[in-house]
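Step one of this worksheet: look at the structure below.
FYI, side chains are in, hydrogens and waters are out, and symmetry mates aren't considered; it's all heavy atoms of this structure.
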Amino acid sequence: MAVRKAAPSRAKAPAIAQLSWNQIRPAPVVLVSGTEGFLADRAIRYLRDFLKEEDPSLEVSDVQADDYAPGELLTLASPSLFDEARMIRVANVEKCTDEFIIEALHYLEQPADRTCLILRHGGGVRGKKLLDAIRGGLGGGVEVVCAELKKESDKVAFVQAEFATAGRRVAPGAVRALVAAFSDDMAELASSCQQLISDGAGDVTEQLVNKYYGGRVETNAFTVADAAIAGRYAEALISLRQALASGADPVPMVAAFAMKLRTMAKLQGARGGSAQLAAKFSLAPWQVDRARRDLQGWSDQGLGRCIQMLAETDAGVKGAGRDPVYALERMIGLVSARGER
Amino acid sequence: MTVWDDLAGQSDAIAVFRAAATVPSAGESAEPRGDEASVRSSMTHSWLITGPPGSGRSNLAYAFAAALLCPDAGCGVCPHCQQVAARTHPDLAALATDRVIITIDEVRRLVTSAQFSPSVGRYRVMVVEDADRMTERTSNLLLKVLEEPPPRTVWILCAPSAADLLPTIRSRVRTVRLRVPDVADVAELILRRVDVDEQTALRSAREAQSHIGMALRLATNPEARDRRAETLRIALDLRSVSDAVIGAARLLQIAGDDAKAITAERDAEEREHTLRSLGVEPGAAVPMALRSHIRQLEEDQKRRATRSLRDGIDRILVDLLSLYRDVMKVQLGSGGDLVNTELDSDVRSAASASTPSATLATMDAIALARARIGANVAPALALESMLVTAVQKEG
């Protein structure tokens, strides 16, 4: 994130190599930037394993940049009697103290021999001066960008790479099922891949994934609301259960329904082009088109009844009723019947 | 002049407090004898003042506090009375909140300070303005100290009704009920306090339904009057569910504007004051180490904004309730004065367009919306549901 945000303000593109997390390689300075903490941890671990293999006497030390004592960096990097290789991991550079910036810049002008300094920057503008210096080529470093994997295709590629590294064949259906089951958290996705890799020896098929993580699908409140508003009662109930089972909270669920129904109610009976209506109700044009499509088959009374039910359900999930899930199910029942029951 | 002068239409309650304030405190005279006992019994150590919002509960509480602390039972001019009016009297502890609830820590501090003996006056007076804004756990903290109070400490609690407090607290206090002041009394008070013509004063008092604070605001602030008029207009113009949802959004916006008008200025002022006391120059960046102070302040302000928005919505709902009350009155032909006389013809046409039972259902929906907002339901949803009820029953 930080990398992307900072990009327009930087006059020139970074002068150092930009690597993805699995391409990490030793350098005097390695800047690990980006918000995806899991990938960053993994990249740093790979690098440590690699360096340790090269030289078993590797000395690893950790520094917290937000709690930095002046002189620490110099002490750790100064040459010792036996001249071991060193690896200094600096965490929380996004919250670093001013002393750290000054001393790190000083160090970069003349990096110590046989020392690998790893800076973990989790995003944000703090320490921009230091980042710009490294990206400008000071200290001869590389940057490993660990941006969040937002797109489905990125996650699919990640899973495929996981199995490829372990030398295992994986069916495309299995990859899809895995990504659907763990779409929120990279760490969960990676550990489920590791589980499958370490438990069996053969190919990973869709059946195997179903056996391990069968039925788990990460859905969000909007999927549930979409299904219910379109009148697909059974599908809405299933996705409600899936959403609740993978940690969704009932309260935002009601809010998602409210948001959709509110837009529909505003557009009920409104005439005009979608751009014009969008401006009138401060919505995006696609929201207007979507709501108009959703409105087919709905009556004014039905919409009214559903809105009343929503308010009741909101009270129910916030403690007025004994069972929040029952309140949600009742609401989904009424909404899928378009309020006619 | 006395401290009781500025309280409109509460002569019964004032008489009770006047009698109590003239009783000599424990330690001033020997054990009571004969009819002195009955005089003595007019004073007690813990009081609860109940009455509808805007009837002057807290003003009465402070007037009583002044009367207890003043050597002349509330002359209004001596240093004691003035210190009470400025809330700086050393023997007065006041607890009010501009957030949604009073926190347990605030009450803990108050309970501790209740144990001190008075330093200059006859009593130590503890005033809790919003006793209804305590959770059950917080209320329980007060129980002990109300049951076995230090000899010269007097507690004065204020709440809209006795039912807002735990039964265990209710049984430990003497309750004094205030009544809704007459419209004429409130109008008279407005005329005495601010410079408006009689017509405006009467109209504001009527539209505020005798809520003194609101009446003052309506009398002096034309924007507040406009907002009220728009609220009622929205309710009168409802035709479809679509209107209801759009209307609810507009009501919420009106409530937000209303709330912001009250808090925004204060927020900016407080922030500036905090920055100055922390030694940050105006316009300069706040250093890392001080950010937590600012964050704390912002959180407090946010809590206040929540409360302020809820109060704003509540005012709107009360205004709507007055409208449907008028419609109901016309439908039943019961006579009497309307609250919204300016909307007479609209009220009459709305009355002929629906039935008394439909109007009652709408009024119930308003009450339900108030209860739901109190229970933390999203205000937009509660208002939408309420207006949808109003549409369905009218159409």
Could you tell me whether the side chain of B:Gln331 and the main chain of B:Ser354 form a donor-acceptor pair under 3.5 Å?
yes
Checking heavy atoms, do the side chain of A:Val254, its backbone, both or neither come under 4.5 Å from chain B?
side chain
Name the region of A:Ala320, side chain, backbone, both or neither, that has any atom closer than 4.5 Å to a heavy atom of chain B.
neither
Looking at chain B, which one of A:Gln268, A:Met264, A:Lys266 has the largest number of heavy-atom pairs inside 4.5 Å, strictly under?
A:Lys266
Looking at chain A, which one of B:Ala375, B:Ala378, B:Ala369 has the largest number of heavy-atom pairs inside 4.5 Å, strictly under?
B:Ala378
A:Tyr68 (side chain) donor-acceptor with A:Leu73 (main chain) under 3.5 angstrom
yes
With sequence neighbours left out, the residues meeting salt bridge (charged side-chain N to carboxylate O under 4.0 Å, His left out) with B:Arg108 are B:Asp105
If you tally heavy-atom pairs under 4.5 Å against chain A, which of B:Val377, B:Leu387, B:Asn376, B:Leu383 wins?
B:Val377
Could you list the residues that satisfy salt bridge (charged side-chain N to carboxylate O under 4.0 Å, His left out) with B:Arg233, not counting sequence neighbours?
B:Asp237, B:Asp346
Sidechain N-carboxylate O distance under 4.0 Å for A:Lys318, A:Asp314
yes
